[in-house]
Amino acid sequence: MNESKDFLRTIVEEDLHAGKYSEVVTRFPPEPNGFPHIGHAKSIAINFGIARDYKGHCNLRMDDTNPTTEDTRYVEALKDAVEWLGFQWEGNVRYTSDYFPELYQYAIELVKMGKAYVDSLTEEEIREYRGTVTEAGRRSKYSERSVEENLDLLERMKNGEFKDGEHVLRAKIDMSAANMKMRDPLLYRIRHAHHYRTGDAWNIYPMYDYGHCLSDYLEGVTHSICTLEFENNRDIYDWVLDTLGLTSPRPYQHEFARLGINYTVMSKRKLLELVNEGYVNGWDDPRMSTIAGLRRRGYTPESILNFCHQIGIAKANSMVDVAQLEFCIRDDLNTKVPRVMCVLDPLKVTIENYEGSEELDASYYPEDVPKEGNRKLPFSREIYIEREDFSENPPSGFYRLTPEQPVRLKHAYIITCKEVIKDASGNITEIIATYHPDSKSGSDTSGIKVKSAIQWVEASTAKTVEVRLYDRLYTCEAPEGVEDLNPDSLKIIKNALVEPALITEKPDVRFQFERQGYFYADPIDYTDEAPVFNRIVGLKDSWNKKNKADESTAKLERKAPEKKVQIDGEVAPMSEAEQACYAKYTNEFKLNSEVSNILARDEKLAVFFEAALSVHNSPITIANIVANEVARELKEKDASELKFTAAQIAELVKMIDDEIISNKIAKQVFEEMAQSGENPSKIVEAQGLVQISDPAVIVPIIDDVMAKNPDNVEKYKAGNTKLFGFFVGQVLKATGGKANPQVVNDLVAQKLQ
RNA sequence: UGGGGUAUAGGCAAAUGGUAUGCCAACAGUUUUUGGUACUGUAGAUUGUAGGUUCGAGUCCUACUACCCCAUCCA
C-alpha cells in the first residue's frame with residue numbers, strides 16, 4: 001500500500017529534524033465523563049501511534065477539571081480501551097487534578113503580573129459583557145482591582161469563603177478580540193462539589209483552557225493533538241504558556257478532524273440518550289459505537305486500528321462509510337477464525353436412501369487460509385438445512401437446492417430433492433431427498449456437477465443456540481435522533497442449530513458461520529448450557545445484493561445527476577483612488593485587468609510595484625511578480641518585515657528581461673531572496689543559475705530522457721498528449737531547472753513527432 | 001454580520017509547480033466444495049466556481065461560493 005505521511009507526522013518530523021525537541025511526547029487526554037467510542041480510538045491511534053513511530057512516548061491523562069461530571073468508572077473504561085487497543089502509556093496514568101497545586105501557583109503568578117484578575121460579575125453579566133461575534137465586548141469594572149486585592153480574593157476563593165458563581169479568575173487579554181475565546185477567558189471558577197479524586201480539598205477548579213496547556217507543559221508534551229473544534233482555543237493555549245514565560249521547549253497544539261461514521265452517532269449526548277432511554281442495552285450494547293460495544297460485538301483491536309489507519313488523518317470534516325469498518329473486520333477475521341456450520345432457520349431434510357450414521361472429517365479452515373485444525377461432523381438420514389437454501393420455484397441464477405437441481409452438503413454428500421412436504425397452509429415443512437453415495441466430499445466419483453455447497457447440521461447431534469443478528473443502529477446516513485433508529489437493528493434467533501464441535505471443542509471465540517458471516521461468543525451471556533453468538537458482520541453477499549438491485553432498479557428510475565449551480569457573489573466596489581490607479585495600470589502600463597485589479601486594491605502592493613518600476617521600467621513583468629510572489633510574502637508579513645527591497649525585484653526582473661534567467665529560475669531566486677535578502681544577481685552567480693538555451697546541450701538530455709522512458713514515449717505516440725509535460729519536466733529536472741523551457745518545449749515537440 | 005478552518009471520483013485519503021494515486025463502495029471476469037477469500041480487469045474527476053501568473057497549476061496569486069467551529073462559570 002501507498003504509505004504516505006499524514007500532516008501531523010509531517011509536522012512531528014519537521015520539528016524533530018529542526019531539533020526543536022529531542023524526543024516526541026504526545027498524550028491522550030480524555031475527560032472521564034463517559035465511555036470512549038471509536039472516535040476516541042482514532043485519537044488513541046494517532047497519539048500513541050505517533051509516539052511509537054518516532055520512538056517517543058505517550059501519556060494517558062484524565063482531564064478531570066470538572067468535579068460535577070466525572071467518575072472513576074469512566075477512568076477505568078478509558079484505561080481499558082487504551083490497553084485493549086494494544087497501547088501502553090508512559091508511567092502512571094496522569095490526572096490534571098494532580099496538578100491543581102502547580103496550576104494554582106501559576107495563577108498567582110499571572111495575577112502578580114497583572115495578567116489575571118478576579119471578576120465578580122454574575123454569570124449573566126459576563127455573557128453580556130463579552131459582546132457578540134460582530135461587536136466588541138467591554139471589560140468588567142473589577143478588572144481594575146489591585147494585585148493585592150486579586151491575590152487576597154483568589155486565596156479566599158480557594159479557601160471556600162465564597163459561594164459558587166460569586167467570583168471567577170479571568171485572564172486579562174482583550175475584550176475586543178475578534179476571536180471570542182480571547183475576550184478575557186475564565187481561568188478558575190468556584191465549585192463546591194466533591195471531586196472523585198481530590199475530594200473536597202479544592203473549592204476552585206481550573207477551566208479547560210487554563211489547565212490543559214499547563215498540564216501538557218508540566219508533562220513535557222511536545223505535540224498536543226486535539227480535534228478541530230479547539231482551533232479557536234489555540235490562541236489561549238499559546239497565550240498562557242507565553243505569558244508565563246515558561247522555558248522552552250514547550251508544547252504546541254495541532255488539530256485534526258474528528259471521526260464521523262454514517263448510520264451511527266458519536267456524540268456523548270446521543271449515546272447517553274440511547275442508554276438512558278433504553279433504546280439499547282447499556283454502553284456495551286453491540287450496536288453502539290462505543291469501544292465497549294464494538295468489543296462486545298466481536299470487533300478485534302487489530303481491525304479497529306487498521307480502520308483508523310485506512311481512513312487517514314486530515315483537517316476536512318468528513319463522514320466515513322461504515323462499509324470501510326466492516327471491510328476491516330472481515331479482512332482481519334478472514335485469515336484468523338475457524339469456519340463452522342450453523343443453520344439459522346432450519347428446514348428438515350430426510351435422506352431416504354441413507355441408513356445408519358457416520359462421522360465426516362472436516363477442516364476448520366478453507367484451503368486459502370494457512371491454518372491447521374479439523375473436527376468430526378456427525379451425519380445421518382435426518383439433517384437440517386437453511387430454509388432459504390431451498391426454492392420450489394427458483395428465480396433465475398439460483399444455485400441452491402430445487403426440485404430439479406441437486407446441491408452439495410458442505411463436507412458431505414450431494415443430495416437431490418425428491419419430494420416437498422407442506423402443511424395445511426402450504427408452508428414447506430420437510431424435504432425428502434436422496435443422497436449420492438459416490439459423491440462423498442474428498443472422494444467424489446459421481447461426476448455430478450453442482451452449483452453450490454450449503455451448510456447443514458445433523459438433527460440428533462445439533463446444538464440449539466441463540467444467535468443475535470445485529471444490523472446498523474440507524475436507517476439513515478446522518479441520524480438526527482431516536483426517530484431515525486432502525487427497528488430491525490437486532491433480531492434474536494432463539495433456535496438456531498450449530499454443529500456440536502463448536503460447543504464441545506470451542507476452537508475459538510470468533511467463528512465464521514459458513515456462508516453467513518462472522519460471529520462472536522457473547523462474553524457476558526454465553527454459557528455452555530445456553531450459548532449465545534453475536535453476529536459481528538455478515539459476509540459479502542453478491543447474491544442477495546443482486547436480487548435487491550433487480551427489485552430496486554425496477555422501481556427506481558435513474559436519478560439525473562444534479563449539477564450544483566454556483567452563485568456568483570458581489571465583488572466589493574473600488575474606491576475612487578483605487579479606480580484611478582486601476583485605470584493608470586491598464587491604460588498606461590498595459591497591465592491585464594486582473595493584475596491591475598490586484599495591485600490597485602492593495603496599497604502595499606501598489607507602493608511596492610511603483611517603487612520597483614522606478615528602478616527598472618518593465619511594468620508587466622514587475623507587476624506579475626508583485627501581484628503573485630510579493631503578494632504571497634505580504635500576506636502574513638508587514639512590508640517592513642520583508643527581507644528584500646523593490647530595487648532587488650527590479651534587478652531580478654532585469655535578468656528575466658535580459659534572458660539571463662528563465663521565469664522558473666526567477667521564482668527559485670525569489671524564494672531564496674525572500675529567505676536571505678541576498679541580491680538576486682549574487683544568488684544567480686553563486687548557484688550558477690544562468691539559463692541554458694543551447695540546443696546542443698539540451699538535445700542529448702532529451703534523448704536520454706526518452707531512452708529511459710520508452711513506455712511513456714510509446715504512450716505519447718499512441719495519443720496520450722498529456723505526457724508532453726512529463727518529458728519537459730524530466731528534462732528540466734535533469735538540468736536543475738536551468739534549461740530554457742521554451743527551447744525545451746520546441747525540441748521535445750520535434751523529437752516526439 | 002466579525003474571526004478561525006475546510007473543499008481532490010459515491011465515501012475516505014495521497015500527490016518537491018511536471019503521467020491526478022491508494023483504500024472502501026460499484027461493476028465485470030478467472031479460481032473456488034463458502035454466491036466468501038484471492039487474483040485480473042472496468043467504470044467513475046474539466047481537483048468547489050471564475051479569473052490571473054507560468055512553457056506547464058490540484059499545488060502560487062486574486063475574487064467568489066458552500067460547509068464546519070467560536071458569544072458554557074463544559075471539555
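All values reported here derive from a predicted model rather than from experimental measurement. Reckoned from all heavy atoms, side chains included, excluding hydrogens, waters and symmetry mates. Chain A is the first sequence line, chain B the second, and so forth, proteins listed ahead of strands; every chain is numbered from 1.
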Task: Contact nearer the 5' end of RNA chain B, comparing A:K635 with A:K545 - done: A:K545
Task: Residue closer to the 5' end of RNA chain B, A:K733 versus A:E166 (nearest nucleotide) - done: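 The answer here is A:K733.
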Open item on the list: For a quick test of reading the model, state the closest non-hydrogen atom pair linking A:N179 to A:N232 and the distance between them.
Closed with: ND2-O, 3.0 Å
Contact class for [X] vs. all strands (heavy atom < 4.0 Å): base, sugar-phosphate, or nothing?
X	answer
A:F230	base
A:N233	base
A:T122	base
A:I311	sugar-phosphate
A:E229	sugar-phosphate
A:H212	nothing

Task: B:G35 pyrimidine/purine six-ring stacking with A:Y399, under 5.5 Å and 30° - done: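 Yes, A:Y399 stacks on the base of B:G35, since the ring centres sit under 5.5 Å apart and the planes are within 30°.
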Task: Centroid distance under 5.5 Å and plane angle under 30°, A:W543 vs B:G35 - done: yes
- [ ] Would you tell me if any nitrogen or oxygen in the side chain of A:N592 comes within less than 4.0 Å of OP1 or OP2 on B:U53?
- [x] yes
Open item on the list: Please determine whether a side-chain nitrogen or oxygen atom of A:K722 lies at a distance below 4.0 Å from atom OP1 or OP2 of B:A20.
Closed with: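 Indeed, a polar side-chain atom of A:K722 lies that close.
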Open item on the list: Taking B:A15 as the reference, what is the distance to B:U53 when you measure between their P atoms (whole Å, please)?
Closed with: 28 Å
- [ ] With C1' as the reference atom in both, quote the distance from B:A71 to B:C61 in angstrom, rounded to an integer.
- [x] 34 Å
TODO: Look through every strand shown and name the nucleotide pairing with B:U65 as Watson-Crick or G-U wobble, where both distances are under 3.5 Å.
DONE: B:A7
Open item on the list: Across nucleotides 3-8 of chain B, 5' to 3', mark each nucleotide with B, S or - according to how protein heavy atoms within less than 4.0 Å reach it.
Closed with: BSSSS-
